[in-house]
Amino acid sequence: MSRKLSLERVLFLYAPLLFALVFLVGPFYWMAVTALKPDSELYDGARSPLFVAHPSLEHFVFLFQKTEFLRWTFNTMAVAAMSTAIALCMGIPAGYALARLRFPGVNLVGTSIFVTYLVPTTLLFIPMVQIIGGMGIDDSIWALVLVYPTFLVPFVTWLMAGYFRTIPPDMEECARIDGVTRLGAMLRIAVPLARPGILSAGIFAFTLSWNEFIYALSLVTASSQRTIPVGVLTQLTRADFYFWGPLMAGALLGSVPVAIVYSFFVDQYAAGLTSGGVKG
Amino acid sequence: MSATTLPAAPARPRARRLASWLDNERTLGLLLVAPVVILLAALVAYPFFTAIRSALSDQTLADAGEFVGLDNFANLFQDDIYLRALRNTLVYTAASVVAKLVLGLALALLLNETFPFRRLVRAAVLLPWIVPTVLGTMAWLWMFNPNFSVLNWVLTNIFGLRGLPWLTDPALAMVSVITVNVWRGTPFLGITVLAALQSIPPDLYDASAIDGANKLQRFRYVTLPLVMPVLLTALVLSTIWTFSDFGVVYGLTQGGPMNATHVLATLAFRTGLTAGQIGEGAAISLTMLPLLLVLIVWQLRRIRRSAVA
Amino acid sequence: MTPPRTPVLGRRSLLAAGAALPLLARPAIAQNSLKGTKLTILAGSWYVPENNTQLDQLAAEVSKDTGMEVRVERFAGDELGTKVASVIGTGRGADLGVGVEFDTYLYAPKLLDVTDLAEEIGKQYGGWFDVARAACMVDGRWKSLCIGQAPAAWNYRTDMFAAAGVDKFPDTFDELLVAAKKLHAKGTPIGMTLGHASGDARSTNYPVLWAFGGKEFEADGKTVAINSPETIAATEWYAECFKYMDPGVTAWLDPDNNQAFLAGKCSATINVNTIYLAARAAAPTDPVKKNIVENMNHGLWPKGPAGRYANYNINVWLPFAASPNPEGQKAFLRAWYSKNFLPNWTKTGQSYFIPTFAGFDAMDVWPDDPKLKIFRELNKLNRLAGYAGPPSPAAAEAVSKYVLVDMFAKACTGQMKPAEAVKWAERQYDQIAKKRRA
């Protein structure tokens with residue numbers, strides 16, 4: 001590939017790339033600009049809104065001193081990490097079983113698991129809150145840790161079943177001949193081979209929990225137990241007034257750290273969604 | 001070897017029996033799916049049937065209500081607002097998914113090239129997918145703000161055009177809502193397809209180059225068929241996520257102006273919770289399921305056919 | 001209604017233990033039996049920050065006096081409603097909550113009967129306004145207690161009005177239309193919220209309907225009465241006036257009219273006094289805001305053919321019936337309405353939120369700022385959505401579906417003729433009412 005700056009490269013690579021960056025990352029620039037502007041500048045129609053004249057950290061200070069933002073960040077991370085772990089622990093074996101083992105009802109189970117993923121949250125959340133309330137763990141992040149796997153597990157199972165189907169069964173069969181149990185073949189051979197698929201499933205599951213809003217709002221009351229989306233939205237508006245500065249600061253801090261973590265995976269992130277996925 | 005996973009020696013014969021029982025394909029299969037089935041039965045199936053029962057009643061938040069048969073559904077199909085939301089949902093899903101597919105594929109092709117700061121760019125374009133939906137939507141709400149819209153500032157002060165009524169005009173509001181959804185979803189498709197692109201062995205391209213294929217032909221006959229399965233899987237996921245998306249409309253317009261952007265998810269939420277009509281709200285949500293099922297089955301069928309071909 | 005942290009010792013045994021302990025508490029609200037219990041309060045954020053702090057302080061005081069652990073949890077805007085609904089639906093999450101005017105009717109079976117308390121408090125302050133009765137009583141029983149209302153006034157720019165040749169705020173709808181034309185010609189249009197804004201859309205649009213004599217329901221709250229010559233007249237007036245408004249109004253959400261007005265893009269709008277309070281707070285350091293403060297004032301709704309009406313957001317205390325701590329609920333409510341607290345809270349609130357007691361008129365609870373004087377009069381004007389019926393679930397559903405707002409908006413944007421828009425609204429109302437009759 002030639003590296004010189006030909007017209008072709010500008011036209012077909014750099015120009016569209018610039019467009020993509022402006023569309024995808026532009027709003028984050030705007031969040032940053034808003035978060036760094038003092039209020040007097042924020043609502044000043046006379047100045048160019050695209051740049052910050054007098055950058056100030058007042059909105060960030062507000063976020064950390066006047067709200068429990070750090071706590072919310074911790075909660076969001078804890079909930080996302082734990083529910084992702086649960087979803088993987090349940091979904092990987094189930095995905096393996098659906099892909100490799102013949103047992104009564106395998107098709108029915110596979111189809112039902114996929115269909116549960118289609119049931120809309122708006123239908124489930126009222127009865128769900130009642131059930132969780134009955135268990136007495138409402139109003140804490142544990143309620144979320146229990147509920148999030150309900151939408152993560154079907155998804156992880158489906159992805160993993162697809163991924164396992166793309167791995168040739170030969171190695172597991174060889175191991176079986178050597179006297180390894182089925183469980184052993186799964187744990188020692190198939191699972192390590194499925195690492196890229198597990199990585200993608202994990203990333204998706206983490207992102208889905210990071211994002212969740214309806215359950216986090218209806219299941220949790222205490223401010224100290226809220227997640228970032230709910231905390232920021234419920235405590236940074238007052239009557240008919242939005243605190244745009246802290247809101248944008250919160251949105252920024254609620255996404256950039258995760259993006260940095262993900263950037264380490266981007267290169268390793270191999271095809272977790274492969275051709276097998278669609279047969280699930 | 002099997003014994004290593006099992007405890008102490010005294011129980012050896014029993015352990016062996018247990019081991020062989022465990023090694024049975026049927027037993028192991030059922031055991032492995034059991035936790036998932038139990039979880040979903042308790043926390044999805046049970047609320048699901050409770051919700052069906054409410055959909056067949058005139059239950060409200062304060063009152064258990066009575067069985068009314070299919071009245072809720074019959075009412076819905078005469079309700080302009082419901083029909084509008086239904087149409088909006090289909091438009092919203094179709095337009096967003098198609099746009100995400102095209103832009104995602106283009107993004108993947110771009111990111112597959114070599115250019116300076118590629119790693120940084122790849123991480124940066126993921127941002128819209130990572131930011132929690134309601135917060136990303138708040139940023140757009142601020143950009144669409146009727147009084148302080150930065151988009152309008154750019155349009156008027158840089159391009160000399162007139163500002164647009166982003167969320168005011170019913171048709172444009174729909175476009176705005178779709179834009180935000182596309183913004184959120186494109187990185188997912190882009191990165192996923194990129195992963196597939198990178199798994200294409202380079203010798204395939206070399207072979208086609210020797211055969212004298214040009215860039216377009218290489219894309220059409222080598223790249224596209226190889227990424228197609230991944231693209232289609234991503235399409236299924238994207239369809240599910242878009243169809244049941246709630247955050248974008250909730251955050252941007254609450255369904256307005258004049259219900260022009262109400263989708264089934266926001267209407268169900270508003271009816272069931274804000275207006276307290278649990279029964280009717282459940283009925284609205286319930287009508288989403290067969291629609292989504294039809295959409296997905298149709299897509300899976302097409303995928304399977306293309307996989308065979 | 002947080003679950004007890006000590007599963008072995010149930011609430012009852014804690015109560016008994018509490019009763020046995022000697023207590024040194026102020027006599028006013030000392031209730032030995034409350035020691036060790038818990039009370040979770042769901043609150044929003046009132047605009048005047050000190051009002052929120054006062055609630056926190058009161059919670060701390062009640063905790064100290066009674067030994068009951070009072071906790072205030074805040075949710076803003078639409079999320080508070082979602083939270084209240086979820087507590088009602090599941091019976092879990094809180095003991096007391098801040099609700100709005102429809103919540104009492106919507107949730108009556110799941111609310112505690114507080115009739116005795118309401119009457120005791122009413123006497124203390126010279127009686128409740130009718131609007132409090134309308135909002136809090138269902139079938140003759142008090143199921144909630146009115147916290148107060150946030151009167152919405154016409155906020156207008158005196159300088160822009162003068163520049164357009166309008167020397168005083170219009171007193172009739174005809175005059176308002178004339179003024180709108182003149183202001184539009186000067187490039188400083190008025191703006192009335194026609195978007196799906198949960199607060200402003202209501203306080204802006206219902207008064208127009210009533211001023212022309214239109215109504216949604218008959219007094220039975222069931223018969224739909226929207227399709228009338230009066231409603232059509234109101235819609236026609238609106239469609240005409242819209243031509244001279246900021247065209248952005250059909251997308252305005254609650255904060256948008258504030259911003260437009262503060263940015264000098266809008267010469268008049270209907271809003272609570274938050275625009276003025278925000279500008280006044282910023283005025284010392286911000287010359288733009290200082291200019292606005294000096295050149296704005298508040299006006300009453302103009303009179304229509306049928307009179308002068310207004311519609312305000314109301315807040316009520318909802319005592320959730322599922323709470324295991326009814327004595328705690330009452331103890332807190334008594335403290336809230338005590339003479340030590342409520343008048344002071346009201347005065348601090350700068351007439352942003354005003355309790356609905358006749359006796360307040362003569363009390364020292366009004367702001368000293370002359371530009372806020374009019375709110376004392378506005379406090380007497382409120383009428384609730386659903387008129388001539390009660391603020392029933394049907395009326396609430398119509399509000400939540402923005403039927404009336406969209407009726408006006410459809411006529412204003414030319415999507416429908418006024419009469420067609422009214423017919424459209426009638427169909428919506430019929431459908432809403434039909435569900436309730438079945």
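Naming: A, B, ... by sequence-line order, numbering from 1 per chain. All heavy atoms count here, side chains included; hydrogens, waters and symmetry mates do not.
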ask   = So with a 6.0 Å cut-off around CZ of B/F219, is the heavy-atom count from everything else above 12?
value = yes
remark   = The interface call for B/L40 against chain A, heavy-atom contacts under 4.5 Å, is side chain
request  = Heavy atoms only: give me the nearest A/F12-B/L110 pair and the separation to one decimal.
outcome  = O-CD2, 3.6 Å
inquiry  = Does any backbone or side-chain atom of B/M143 lie under 4.5 Å from a heavy atom of chain A? Answer side chain, backbone, both or neither.
reply    = both
task = Quick one: closest heavy-atom pair of A/L124 and A/P127, and the distance?
result = O-CD, 3.2 Å
inquiry  = I'd like to verify something: which residue of B/I284, B/N24, B/L127 has the highest number of heavy-atom pairs under 4.5 Å with chain A?
reply    = B/L127
key: side chain to side chain donor-acceptor pair (under 3.5 Å) against B/W142, all qualifying residues, sequence neighbours excluded   = A/T34
request  = Could you tell me which of B/W241, B/Y250, B/F243 has the largest number of non-hydrogen atom pairs under 4.5 Å with chain A?
outcome  = B/W241
request  = Sort A/I126 into side chain, backbone, both or neither according to what part of it lies under 4.5 angstrom from a heavy atom of chain B.
outcome  = side chain
task = Answer yes or no: does atom CZ of A/R176 have more than 12 heavy-atom neighbours from other residues, nucleotides or ligands under 6.0 Å?
result = yes
query = Is chain B contacted by the side chain of A/I214, its backbone, both, or neither, given a heavy-atom distance below 4.5 Å?
reply = side chain
Contact origin within B/D23 toward chain A - heavy atom pairs under 4.5 Å = both
